[in-house]
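Below is one structure, written out as structure tokens; comments come after it.
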Amino acid sequence: MTDNKRFSHLAADARWQAEWDRQETFRTGRGGADRPRSYVLEMFPYPSGRIHIGHVRNYTMGDVLARFRRMQGHDVLHPMGWDAFGMPAENAAMEKGVHPGGWTRDNIAAMKKQLKRLGFALDWSRELATCEPDYYGHEQALFLDLYAAGLVYRKESAVNWDPVDQTVLANEQVIDGKGWRSGAQVEKRKLSQWFLKITDFADDLLEGLGDLKDWPDKVRAMQENWIGKSQGLTFRFEIDNPPLTLEEIRPDGKANHPDTEYIEVFSTRPDTIFGASFVAISPEHELAQLLAVDDDALDAFIEECRKTGTTAAELETQEKRGFDTGLAVAHPLDPAWKLPVFVANFVLMDYGTGAVFGVPAHDQRDLDFARKYMLPVTRVVAEPGSEDAPIHDEAYTGPGRIVNSRFLDGMEVEAAKAAVIARAEAEGWGEGSTVWRLRDWGVSRQRYWGTPIPFIHCPACGVVPVPKDQLPVVLPEDVSFEIPGNPLVRHPSWKHVNCPQCGGKAERETDTLDTFVDSSWYFLRFASQPEDKPFDRAEIAKWLPVGQYIGGIEHAILHLLYARFWTRALAHIGMIDVQEPFASLFTQGMVTHQTWQDAAGKWLAPEQVEKRGDDWIIIETGEPAEAGRVEKMSKSKKNVVDPDAIVDQYGADAVRWFMLSDSPPERDLPWTESGIEGSWRFVQRLWRLFNKVESAEGEDAALDRKVHQIIAAVGGDIEALSFNKAVARIYELANAIEKAAPSASRNVAIRTLLRLVAPMVPHLAEEGWSLLGGHGLIADAAWPEADPAMLVEDEVTIAVQIKGKLRDTITVAKGLPNDEVERLALASDKVQRSLDGAAVRKVIVVPDRLVNLVI
RNA sequence: GCGGACGUGGCGAAAUGGUAGACGCAGCGGACUUAAAAUCCGCUUCCCCUUUCGGGAGUGCGGGUUCAAGUCCCGCCGUCCGCACCA
């Protein structure tokens with residue numbers, strides 16, 4: 001039982017959670033329409049089965065902000081849902097013989113229960129799960145809208161194919177060229193797949209980053225790099241002695257033959273065009289493929305390039321290697337100047353044109369290559385005075401003037417780039433162009449547990465969209481996972497339909513959508529949930545963009561870029577009026593924990609070890625344990641703590657308090673036993689304080705001022721998401737109250753403290769509010785206001801420095817004139833002793849802060 | 001290689017260019033108790049001196065700007081994260 005000695009979370013937590021549910025306290029839209037709106041959103045979880053401590057930290061932060069905004073009188077939208085499609089459900093189906101849907105829905109139920117125990121101020125009436133037809137049906141409609149607008153297309157594309165599991169693998173599932181599950185050698189297979197035209201928005205997505213002032217620099221930089229805009233010149237080298245054309249080699253004479261008249265290259269440094277000494281093409285370049293037909297040595301070289309790995313470490317050490325094709329190309333600015341053509345292992349086929357021209361003097365990679373194959377190295381950019389400086393083993397990439405370059409000589413780099421582009425365009429051998437690293441978004445997944453792509457393949461009509469009145473295309477429930485492959489393909493009836501256009505026999509698309517599509521618009525559906533359409537435009541205009549989005553840095557690129565794209569695409573087709581979904585983004589740090597290992601290197605769980613003096617021992621055996629690094633919690637290292645267990649033991653409030661304490665929220669938070677115990681003790685200390693309101697008279701001016709200073713500070717800290725600082729301020733106030741003698745001021749201070757901690761420790765706060773006779777729920781109470789007049793002290797402590805070194809402090813009335821302060825400073829014994837008779841040359845007085853005496 | 005962040009006590013950390021170390025954890029001492037736990041009070045950057053008073057050093061390293069630098073500038077060193085043969 002909770003009494004005036006001890007706060008019992010076991011009784012209080014559940015009671016207040018039930019009360020919030022009963023009153024629908026956190027339902028959006030209660031209490032008037034003209035209040036300011038706040039949309040606070042945390043990245044919704046994948047229903048893996050259990051919440052982990054990282055979720056607890058993430059949602060606690062959002063919860064404090066949401067509760068704080070409510071107390072400030074805002075209408076708060078703070079929803080929760082489930083990113084419920086994805087592979088783990090299918091893996092569970094294969095391993096345990098359960099149905100992905102049942103597995104997922106059970107997990108959702110379990111995790112929802114866990115979240116409820118933490119007392120989050122969520123509007124559960126808007127809960128959604130992406131695996132339910134009432135969500136993904138609307139997603140199918142949106143996909144069709146984007147298709148109608150020309151933003152969806154189909155194209156042949158290579159995938160990683162696991163021949164044993166009969167399935168497509170994501171890159172992360174291919175380990176050393178083998179399938180992660182089957183261990184089979186993975187093949188590249190060409191499949192016709194669905195793509196979203198994210199590249200149409202490349203420039204907008206890049207430009208838009210500039211307006212996202214409240215996003216972390218890091219995330220913006222990562223997206224910028226990912227989009228990867230490069231500007232330069234695309235141009236052509238005429239091939240001097242063209243090889244046989246494709247038609248002559250292959251009797252079928254396909255239309256997509258490579259043009260063997262020229263090689264097209266892209267460069268961001270057209271200013272260095274006179275420094276060219278070779279042309280290199282990718283092993284996958286069609287010209288290379290063509291030449292290899294008649295050249296076994298080249299064929300072998302290409303095969304070898306294909307085999308070598310592409311991991312960062314391998315690329316680091318891998319040599320630049322080339323194969324001289326014997327072809328020669330003419331320099332576009334001097335047809336008599338011939339350059340050799342190599343097939344080179346460092347040229348990427350999927351960037352630019354798959355071919356480059358090499359300028360060894362000004363590109364390190366080209367220089368390495370040129371030295372190896374003894375190609376000429378000509379300096380064409382130089383800083384003043386170094387025109388003739390030889391290039392040794394380091395390429396010069398800095399600024400300078402152009403040299404050895406005929407009509408470009410003497411120009412600065414930028415001017416020379418423009419001049420070459422202008423000349424190329426005038427003469428017709430090239431044009432200024434922009435190349436992006438960003439690729440279109442392939443959304444086809446050959447899997448069951450995802451949103452069915454709403455198209456039908458008709459032998460007569462081709463690819464036909466499912467008419468909107470036939471949506472949702474619902475996943476069949478009667479599927480089995482005993483045989484590898486996509487169950488949708490072998491389902492006896494599901495895919496067999498009549499063509500909506502001609503009525504003839506046709507087949508459904510059996511691919512499903514990438515789950516990143518599901519999470520690209522859920523924040524819209526949270527804001528507005530009509531039955532007959534994805535969302536209501538006017539409601540979206542009211543709530544979007546999300547005021548504060550909080551989640552992990554791991555989503556810096558994919559999820560956040562796709563959601564930005566999807567939002568812009570919907571705006572582009574006129575369905576919504578916002579361009580950017582998340583006005584402010586916060587990426588929180590991980591929860592880490594100490595690790596331990598035994599002598600054999602086996603990981604030990606926290607409950608298996610115990611500290612004896614300065615050393616750790618294994619409780620069961622008494623053998624020594626080795627304390628390792630503090631690392632991200634992971635099952636394999638056994639350093640996880642289970643949220644349910646700690647909520648049982650310490651209560652939701654102590655756990656929440658710990659999540660907010662000590663570490664700045666963007667940094668890692670080390671979980672410690674002593675830390676959570678400290679939080680629990682503070683919860684108890686607050687409870688004792690709330691029980692100490694006794695009738696008392698009189699003012700305590702110093703405490704009054706402290707209260708108002710802390711109100712202002714805590715509010716500002718929560719606004720800035722600096723929860724660790726808000727926590728420190730609250731400790732400060734609690735300390736001050738405990739030291740103060742009983743007075744009316746002290747009682748006010750305690751009641752104020754109660755409201756200040758309410759967003760953080762809501763169960764305790766409700767209990768205290770009810771104890772102290774508060775009206776209604778503290779969740780609905782107003783945030784205390786700081787009186788600006790109370791923020792100023794009437795006395796200030798002034799530092800007295802001699803040449804910047806502190807010698808004494810003096811306490812004076814606030815606003816004392818400078819000459820008075822100076823006089824008092826000089827009157828100090830300590831100052832006189834330090835001066836030791838030296839003459840003061842200059843005195844600097846910063847009002848109400850310090851005096852600096854210069855000798 | 002490119003980009004981002006960071007470097008402050010035993011630990012997590014504070015600090016609009018103006019008294020470095022707020023607040024918490026751990027530790028030490030004391031009170032209460034038969035005892036322990038809990039609680040309360042005090043100390044707690046380091047070094048020197050000392051009974052006290054005091055003095056010196058100090059925010060990764062080296063310079064600079066300034067009356068004054070953890071904070072600003074230049075150059076290093078180190079750690080973490082992301083991307084990477086991107087032409």
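Naming: A, B, ... by sequence-line order, numbering from 1 per chain. On a predicted model such as this, the values are computed, not experimentally measured, just so you know.
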Notebook entry, point to check: If the C1' atom of B/A57 is compared with that of B/G9, how far apart are they to the nearest Å?
Noted result: 14 Å

Next item on the list: Taking the side chain as every heavy atom from C-beta outward, state whether A/I550 and A/N58 have any pair of such atoms under 4.5 Å apart.
Entry: yes

Margin query: Going by salt bridge (Lys or Arg N to Asp or Glu O under 4.0 Å), name the pairs with one or both residues in residues 709-728 of chain A, residues two or more places apart or in two chains.
Written below: A/R69-A/E719

Item checked: Nearest-Å distance once atom C1' is located in both B/G18 and B/A68 -> 7 Å

Notebook entry, point to check: Would you call A/E738-A/K692 a salt bridge at under 4.0 Å N-O?
Noted result: no

Item checked: Separation between the P atoms of B/G54 and B/U59, rounded to whole Å -> 24 Å

Item checked: Rounded distance in Å between the C1' positions of B/A14 and B/G30 -> 29 Å

Notebook entry, point to check: With a 4.0 Å cut-off on heavy atoms, is A/R439 in touch with a base, just the backbone sugar-phosphate, or nothing at all?
Noted result: nothing

Margin query: Checking one value: the base orientation of B/G9, syn if chi is within 90 degrees of 0, otherwise anti.
Written below: syn

Notebook entry, point to check: A/R365 side chain N/O closer than 4.0 Å to the phosphate oxygens (OP1, OP2) of B/G1?
Noted result: no

Notebook entry, point to check: Can the ring centres of A/F682 and A/Y731 be said to be less than 6.0 Å apart?
Noted result: yes

Check: So does A/K739 get a side-chain nitrogen or oxygen closer than 4.0 Å to the phosphate oxygens (OP1/OP2) of B/C41?
Finding: no

Notebook entry, point to check: If you draw the axis of the six-membered ring of A/Y396, does the NZ or CZ of A/R379 fall within 45° of it and under 6.0 Å from the ring centre?
Noted result: yes

Next item on the list: Look at the side chain of A/A221 and decide which nucleotide, out of B/G4, B/G54, B/C86, has an atom nearest to it.
Entry: B/G4

Note to self: Tell me which residues in residues 351-358 of chain A lie within less than 4.0 Å of RNA chain B, going by non-hydrogen atoms.
What the structure shows: A/Y351, A/V356

Check: Centre of A/W226's six-membered ring, under 6.0 Å away, within 45 degrees of the axis: is that where NZ or CZ of A/R437 sits?
Finding: yes

Next item on the list: For nucleotides B/U79 and B/G60, find the distance between their P atoms and express it as a whole number of Å.
Entry: 16 Å

Checklist line | Separation of the C1' atoms in B/U8 and B/G70, to the nearest angstrom | finding: 7 Å

Item checked: For RNA chain B, stems built from three or more consecutive Watson-Crick or G-U wobble pairs below 3.5 Å -> B:1-7 with B:77-83, B:10-12 with B:23-25, B:27-31 with B:39-43, B:45-48 with B:54-57, B:60-64 with B:72-76

Margin query: Counting the atoms with a prime plus P, OP1 and OP2 as sugar-phosphate, which does A/V347 contact under 4.0 Å by heavy atoms, base, sugar-phosphate, or nothing?
Written below: base

Check: Rounded to whole angstrom units, what separation is found between the CD1 atom of A/I557 and the C1' atom of B/A84?
Finding: 12 Å

Check: Does A/K229 NZ have over 12 foreign heavy atoms under 6.0 Å away?
Finding: yes

Next item on the list: Taking atom P in both B/G42 and B/A22, compute the distance separating them and give it to the nearest angstrom.
Entry: 15 Å

Item checked: Results of side chain to side chain contact (heavy atoms under 4.5 Å, CB included) for A/A749 - residues two or more places apart only -> A/L703, A/V707, A/I737

Next item on the list: Would you classify A/K830 as touching base, sugar-phosphate or nothing, given that sugar-phosphate means primed atoms plus P, OP1 and OP2, and contacts are heavy atoms under 4.0 Å?
Entry: sugar-phosphate

Notebook entry, point to check: Do A/F690 and A/F7 have ring centres separated by under 6.0 Å?
Noted result: no

Check: Have A/D440 and A/T199 got a donor and an acceptor in their side chains that come within less than 3.5 Å?
Finding: yes

Notebook entry, point to check: Using atom C1' of each nucleotide, how far apart are B/G10 and B/G1 to the nearest Å?
Noted result: 39 Å

Note to self: So, using side-chain hydrogen bond (donor to acceptor under 3.5 Å, both in side chains) as the criterion, who are the partners of A/W441 when residues are at least two apart?
What the structure shows: A/D514

Notebook entry, point to check: Which of these passes side chain to side chain contact (heavy atoms under 4.5 Å, CB included) with A/V757: A/T752, A/V714, A/V683, A/I730?
Noted result: A/I730

Next item on the list: Considering just the side-chain nitrogens and oxygens of A/R833, establish if one lies under 4.0 Å of OP1 or OP2 belonging to B/G54.
Entry: no

Note to self: Using a 4.0 Å heavy-atom cut-off to protein, can you give one letter per nucleotide of nucleotides 5-29 of chain B, 5' to 3': B if the base is in contact, S if only the sugar-phosphate is, - if neither?
What the structure shows: S------BSSSB-BB--BSSSS---

